[in-house]
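Counting convention: from 1, in listed order, for ligands and their atoms alike. Predicted model, so just to flag it, every value in this text is computed and none were measured. Only heavy atoms go into these numbers, but all of them, side chains included; no hydrogens, no water, no symmetry mates.
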Amino acid sequence: MDASAFGKCSYSYEDYRETADWLLANTQLRPKVAIICGSGLGGLADLLENRNVFPYTDIPRFPHSTVEGHAGKLVFGELEGRQCVCMQGRFHFYEGYNIATVTYPVRVFFLLGVETLIVTNAAGGLNSSFNVGDIMLIRDHINMPGFAGQNPLCGHNDERFGVRFPCMSDAYDRELGTMARRTAEEQGCGSFLQQGVYCMLAGPTFETIAECRALQVLGADAVGMSTVPEVVVARHCGMRVLGFSLITNKVVTDYDSQQKANHQEVLQTTEMRAKDLQRLVRHMVGQL
Ligand code: HPA
């Protein structure tokens, strides 16, 4: 990656192809499942067996990670006997990457033959019935950067990836959602599994009280700074998507409250629940 990752607004088919071909030449694994791990949730990649690990810096044309707590490695391996590729560390819009760079890996996954994308993230709880530590199965999203013209599909459409005007009313696979709810029950996560709408804001600021109230009115249950661009690109190229948000904090909606959203609380809750989320994802992969 060079400075162009921060300024350039599109990549050619050949760019993605070059990255995918390099990976195909450097691993024997042919994953059908890709997993993007959210902040502090990269431990999942350590569970993979028969691993091939590629630091992002070694992969031709691949962006690099800048956030602390994000390892920046692409890990191929087997989870519950299924071949997977796992992103340990994702790219955030707030880091300064353009939206095409944020989603670069997803098109590479498509060219590797991936059919299902699993995404995880940390999110603030907007729904007043959610508790810190709940896991929210993402049923739908609100693409707030998209409202503001930051959609990863803006620009020339390459039909080799998908159609010009893709449908998003079925972004999160219903069958996988049903499997996830059943798996959560079986894995002892049923008491803290929620489902709802994830809203992405660009960040890096946490939300004002007025913004949180506005998002609640819009019908969002959780708010975060990631995931949606990757999901849009995955759906464009026909992948099935399953997503989980870990509710790491409750957003502040009351001017009398002394509570303040902070990254420390996000990391602490993530650590508390990471194992549960890993178990849930692992058992989902086993059924794909
Ligand atoms: N807001 C935005 N992003 C987040 C939050 C939040 O409260 N918690 C974790 N990621």
Short N-O contact, Asp221 and Arg139, less than 4.0 angstrom: no

Contacting atoms of ligand 1, where contact means under 4.0 angstrom from a heavy atom of Glu207: 1 (N), 2 (C), 6 (C), 7 (O)

From the candidates Val223, Asn121, Leu201, the one that places a heavy atom nearest atom 4 (C) of ligand 1: Val223

Arg61 to Tyr16, cation-pi by 6.0 Å centre distance and 45° axis angle: no

Same cluster (ILVMFWY, side-chain, under 4.5 Å), Met239 and Tyr172: yes

Contacting atoms of ligand 1, where contact means under 4.0 angstrom from a heavy atom of Ala122: 9 (C), 10 (N)

Parallel, tilted or perpendicular, as decided by the 30° and 60° cut-offs, for the rings of Trp22 and Phe54: perpendicular

Which of the ligand 1 atoms, numbered from 1, are nearer than 4.0 Å to a heavy atom of Met225: 2 (C), 3 (N)

Under 3.5 Å: N/O of Gly124 near N/O of ligand 1: yes

For Thr248, the ligand 1 atoms whose distance to one of its heavy atoms is below 4.0 Å: 8 (N), 9 (C)

CA sep, side-chain torsions, deciding dist, call: Tyr104, Phe109, ring pair (Phe, Tyr, Trp, His ring centres under 6.0 Å): CA-CA 9 Å; Tyr104 189 88; Phe109 295 154; over 10 Å; no

Test: Glu186 and Arg182 ion pair at under 4.0 Å: yes

Enumerated ligand 1 atoms positioned under 4.0 Å from heavy atoms of Asn249: 5 (C), 6 (C), 7 (O), 8 (N), 9 (C)

